[in-house]
Amino acid sequence: MVDEVVLLDFCPSALGMRVRIALAEKGIKYENKEENLQDKSPLLVKMNPVHKKIPVLIHNGKPICESLVIVQYIDEVWKETSPLLPSDPYLRAQAKFWADFIDKKIFDYGWKTCISKGEENEAAKKDLIESLKVLEGELGEKPYFGGEKFGYVDLSFIPFYTWFYSFETFGNFSIEAEVPKLTAWTERCLKKESVSNSLVDQQRVYHLYGNLRKKYGIDQ
Ligand code: GS8
């Protein structure tokens with residue numbers, strides 16, 4: 001049976017990018033359906049009735065929701081090509097721990113840094129830089145989080161590279177000065193076609209944050 005794979009996506013979403021990278025790593029052909037998040041399609045509401053959020057992967061008619069769950073599913077179903085998670089149970093658990101850390105810390109503090117000003121901005125930026133440093137420590141001297149090869153943690157984190165210009169501009173700090181080894185890691189990841197073809201321009205994300213800041217009354 002030929003697999004039918006559809007991705008409900010929103011191009012500038014870092015979480016959608018995770019799934020696009022996973023599908024590219026595995027060489028899976030799929031149909032990308034771009035959602036308008038202001039006016040969600042009946043298909044999105046039907047496929048993710050709980051959260052009504054992208055990304056959703058529809059595999060042979062069956063939906064899978066939540067970006068990290070989707071990436072794990074892809075890795076399990078198409079296990080022959082480019083394994084993303086390690087096979088060792090302990091290392092798998094560690095990889096999941098760091099992906100969860102990225103969701104809890106980088107996503108949240110990054111978002112708060114971009115959508116705040118004054119004291120709130122200072123606090124979020126401090127937490128964000130601290131979390132980036134923790135991740136840099138975990139990377140250590142390895143080329144990728146998983147070791148010699150690009151894997152699950154790299155894939156979970158690299159989409160947030162598209163937020164880096166916004167972090168630096170709205171947080172008024174230099175990522176390269178704070179976490180130089182992490183910066184070198186981003187450059188390594190970006191050399192991979194599966195990554196560079198899946199990421200959007202940092203300016204596009206900056207523009208979206210700019211609009212949100214106006215909407216929430218942070219900027220005029
Ligand atoms: C979050 C999905 C999400 O926030 C995941 O997939 O990892 N934990 C989930 N999706 C956003 C777009 S990306 O920022 C979304 O669909 N938002 C629409 C809404 O909130 O109405």
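Note that the numbering runs from 1 along the sequence shown for the chain. Numbering of ligands and ligand atoms starts at 1, following listing order.
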#### Entry: Region of K40 that comes within reach of ligand 1 [heavy atoms, distance under 4.0 Å]
side chain
### Task
Determine, considering heavy atoms only, which of D9, I54, I70 sits nearest to atom 11 (C) of ligand 1.
I54
### Task
Applying side-chain contact (heavy atoms from CB on, under 4.5 Å), name anything that partners L190, two or more places apart in sequence or on another chain.
Y161, V195, L199
### Summary
of all protein heavy atoms, closest to atom 8 (N) of ligand 1 is E66 OE1, 2.7 Å
### Message
Any carboxylate oxygen within less than 4.0 angstrom of a Lys/Arg side-chain nitrogen, looking at R92 and E76?
### Response
yes
### Message
Under 4.0 Å from a heavy atom of S13: which atoms of ligand 1 are those, numbered in the order shown and with their elements?
### Response
13 (S)
### Task
Mind running ring-ring contact (aromatic ring centres under 6.0 Å, His included) on F170 and Y206 for me, showing each step along the way?
CA-CA 9 Å; F170 298 124; Y206 175 67; 5.2 Å; yes
### Query
Per the salt bridge (Lys or Arg N to Asp or Glu O under 4.0 Å) rule, which among R18, K192, R20 passes with E25?
K192
### Of all pairs that satisfy salt bridge (charged side-chain N to carboxylate O under 4.0 Å, His left out), the ones with a partner from residues 42-61, not counting sequence neighbours
none
#### Entry: Atoms of ligand 1, numbered as shown, that sit under 4.0 Å from any heavy atom of P55
6 (O)
## Note on the structure
Closest to atom 7 (O) of ligand 1 (heavy atoms only, candidates A14, P12, S67, G16) is S67
### Query
So which protein heavy atom does atom 4 (O) of ligand 1 come closest to, and at what separation?
K53 CD, 3.6 Å
### Query
What protein heavy atom is closest to atom 1 (C) of ligand 1, reported as residue, atom name and distance in Å?
L15 CD1, 3.5 Å
### Task
Might you work through the ring-ring contact (aromatic ring centres under 6.0 Å, His included) test for F157 and W185, ending with a clear yes or no?
CA-CA 11 Å; F157 187 22; W185 164 83; 5.1 Å; yes
